[in-house]
There are 2 protein chains.
Amino acid sequence: MSKGRASIRDVARESGVSLTTVSLILNKGDERISDSTRQRVLSAIEKLQYRPSRLARGLPNNRSRTLAVLIPALQHAFADPYFGEIISGIYDYAADHDYRIMLEVARRDFIRRKQYDILIEECSVDGILFIGATEEHRFLAEFDGSDKPFIVVNNHFQQWKLRTVLCDYAVAGRLAADHLVELGHRRVGHISGPAAQVLTAEQVTAAFVDRLAEHGVELPDRLIVDGQFTVEMGELAMQELLTRDSELTAVFCGNDKMALGAYHACRRVGRTPGEDIAIVGCDNIPAAQMADPPLTTIHMNFYQLGTLACRTMIDLVDPVRCRRRAADEQSSDDGHNGHPESRCPRLPVSLIARGSCCEPAVGDRV
Amino acid sequence: MSKGRASIRDVARESGVSLTTVSLILNKGDERISDSTRQRVLSAIEKLQYRPSRLARGLPNNRSRTLAVLIPALQHAFADPYFGEIISGIYDYAADHDYRIMLEVARRDFIRRKQYDILIEECSVDGILFIGATEEHRFLAEFDGSDKPFIVVNNHFQQWKLRTVLCDYAVAGRLAADHLVELGHRRVGHISGPAAQVLTAEQVTAAFVDRLAEHGVELPDRLIVDGQFTVEMGELAMQELLTRDSELTAVFCGNDKMALGAYHACRRVGRTPGEDIAIVGCDNIPAAQMADPPLTTIHMNFYQLGTLACRTMIDLVDPVRCRRRAADEQSSDDGHNGHPESRCPRLPVSLIARGSCCEPAVGDRV
DNA sequence: CTGAAAGCGCTAACAT
DNA sequence: ATGTTAGCGCTTTCAG
């Protein structure tokens with residue numbers, strides 16, 4: 001009794017009930033158990049400063065109430081606002097539901113030794129959320145159609161049917177096209193992400209091109225350059241684009257980083273973004289609105305994406321508690337955007353018009 | 001036997017030994033146990049694809065082999081290369097020693113509800129590493145002199161004696177002073193970090209000023225402006241500095257972000273960094289060498305800092321395995337920089353001379 | 001509405 | 001060098 005921290009037994013003794021009762025109160029919350037008993041137990045818990053051990057709690061049913069966030073072993077993955085926002089969303093939802101978040105990096109040996117399986121097998125985590133998966137991550141094949149608690153966040157795969165949560169990249173491409181055409185642009189270029197690696201990059205490009213075509217604007221392949229999602233390559237891509245067609249009046253970039261790189265390239269040849277040339281980005285990272293001029297971009301709610309991903313995962317691995325939660329959140333569809341019911345919900349996106357888009361110079365170009 | 005995953009019992013049966021033997025092999029590695037038995041057991045493990053349950057393993061001795069990384073609830077803490085590098089270091093060392101990393105954000109209610117204590121009490125983690133602590137985190141008082149497994153990474157506190165691991169900021173300040181003076185600068189300004197919040201910021205400033213004085217160069221208080229560690233405030237600070245003394249030939253900034261902000265401010269008034277004015281940063285973040293001109297800065301090995309912090313923590317909470325590890329790493333002092341033996345080891349720093357420093361214009365200023 | 005009892009899978013004395 | 005045994009702190013049937 002006086003040794004170490006209080007255990008469930010101490011609480012039971014203190015409040016004059018059995019272990020079972022305490023356990024029941026700890027878990028189900030509602031159901032059985034009279035209010036008076038509950039009060040007694042609750043105050044005993046308070047008095048003894050009792051903290052149920054997660055280890056012991058998980059053992060009987062092999063659940064750790066911990067989720068793993070897996071990220072690729074990129075150089076500064078942790079320093080990326082993209083990952084950061086998603087992780088924040090995941091973390092917050094998890095914390096609110098008494099889940100913890102474990103960090104895992106998909107290093108080479110992590111994959112070779114199948115740590116992602118081990119993680120689950122040894123009950124370290126109840127599920128895995130993979131952010132930043134690309135076609136390079138072949139090991140994902142293993143999860144194809146499996147019922148393992150594995151979710152790919154913000155990418156998906158042609159050949160496999162993995163559980164996925166993502167932003168609506170097709171709409172993103174269309175919004176950009178509409179915006180540019182509305183402004184009067186007809187001579188448009190595009191800096192894409194690495195389409196071969198990332199399906200969403202391919203989709204946004206395809207959607208952009210298709211929508212442009214619907215508006216009667218043709219975007220030839222030679223005016224699409226891969227910017228690898230980085231500032232540096234975006235800059236090079238813009239340079240290339242300007243070489244291929246110096247009359248370009250607008251460019252849509254697959255993400256904000258490349259758009260910011262494009263700014264540099266434009267300036268170097270004396271074209272000012274927002275004045276001599278229109279640039280649209282995608283993602284709406286913090287740097288976008290701080291850029292000069294502020295970058296017009298497609299807003300993606302990565303925080304909410306993380307939230308939704310985490311929610312989907314918990315629904316998957318903890319259906320019991322979920323049902324209870326559902327009861328609590330009486331406000332029916334609360335936060336239920338993106339149709340989380342489907343296996344691949346898509347989060348809505350929107351265009352944020354800022355200063356980087358102008359109309360094409362009158363009579364000048366085109 | 002056929003139900004669910006293999007347990008230690010299955011392994012014991014399969015290899016014809018007792019539970020103890022298997023357990024012993026799993027843990028101590030060496031010691032007792034004959035080689036033949038070990039082989040038999042090992043292959044049984046392999047054959048049965050046995051994975052010891054972390055939950056069950058931790059229960060008897062209340063150890064989860066998990067460490068928490070606590071970061072402040074800053075807007076984009078996750079998107080910061082500073083946090084990112086440190087976390088990477090922590091993660092890698094932990095992974096190599098079969099520890100997992102749990103993420104925790106010091107949100108208001110996390111602190112109010114003393115989650116940091118609960119984390120340990122409920123055996124979710126064996127220790128906590130706090131990155132980004134400032135004077136605002138008053139709750140740290142609770143750890144003052146306590147023997148809780150709590151380490152503050154890269155900051156320390158005047159009044160308290162918390163366990164700490166940090167870079168040598170005093171040396172950083174001196175290196176910057178030496179460099180600038182060697183180049184001939186005698187009219188120098190300084191953009192500091194928020195000294196009231198972060199003791200290391202105060203120290204680097206103090207060291208810089210003192211060393212300058214040793215060289216016979218005086219840096220009056222009015223030429224020290226707080227840049228709050230951000231690009232934007234750094235820019236404003238530089239602007240202010242230039243107003244207060246337009247003859248400044250050099251500026252030392254408390255971190256690279258502020259230095260990059262200072263670049264902008266200089267350019268706006270027609271002074272080119274590396275030509276008309278010398279700028280030294282601190283941290284050596286990736287953006288520093290990609291800046292134009294590449295930023296001369298004080299290199300801090302944040303990755304290694306993370307590594308050291310994690311090592312210190314594991315030494316603290318897992319002395320047994322540590323001793324065994326020590327035996328393995330026969331190469332005595334391997335990686336033992338910064339005197340990790342002391343309660344507050346300091347990691348060495350170095351100056352990286354790049355393009356942002358020039359000599360003062362001859363005959364022009366000063 | 002509550003209690004008794006049987007484990008969960010593993011570790012660590014304590015034998016032998 | 002290996003086996004026996006008693007828990008670790010909790011959940012969960014199954015009985016009352």
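So that the names make sense, note that chain A is the first sequence line, chain B the second, and so on, each numbered from 1.
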*Rounded to the Å, how far apart are I25(A) CD1 and dG9(D) P?*
20 Å
*Please give, in whole Å, the distance from dG3(D) P to R40(B) CZ?*
8 Å
*Which part of the nucleic acid does V22(B) contact within heavy-atom distance under 4.0 Å: base, sugar-phosphate only, or nothing?*
nothing
*Is there a side-chain polar atom (N or O) of S23(B) under 4.0 Å from OP1 or OP2 of dT11(C)?*
yes
*Contact under 4.0 Å: S18(A) side-chain N or O vs dG3(C) OP1/OP2*: yes
*Using whole Å, report how far CZ of R51(B) lies from P of dC8(C).*
21 Å
_Any carboxylate oxygen within less than 4.0 angstrom of a Lys/Arg side-chain nitrogen, looking at R100(A) and E122(B)?_
yes
*Residue-phosphate contact under 4.0 Å: N61(A) side-chain N/O, dT12(D) OP1/OP2*: yes
*Find the distance L19(A):CG to dA6(C):P and express it as a whole number of Å.*
14 Å
*Can you tell me how far P of dG9(C) sits from CZ of R57(A), to the nearest Å?*
19 Å
*Is a salt bridge present between K114(B) and E142(B), judged by a nitrogen-to-oxygen distance below 4.0 Å?*
yes
*Side-chain donor or acceptor of D10(A) paired with backbone N/O of S7(A) under 3.5 Å*: yes
_Nearest-angstrom distance from the residue atom CG of N62(A) to C1' of dC10(D)_ = 13 Å
*R107(A) bridged to D96(B) by N-O distance under 4.0 Å*: yes
*Do T20(A) and dA4(C) share a donor-acceptor pair, side chain to base, under 3.5 Å?*
yes
*Report yes if a side-chain nitrogen or oxygen of R9(A) is closer than 4.0 Å to either non-bridging phosphate oxygen (OP1 or OP2) of dG9(D); otherwise report no.*
no
*Between atom CG in L59(B) and atom P in dC10(C), what is the gap in whole Å?*
12 Å
*At under 4.0 Å, does any side-chain N or O of T21(B) touch on OP1 or OP2 of dG3(D)?*
yes
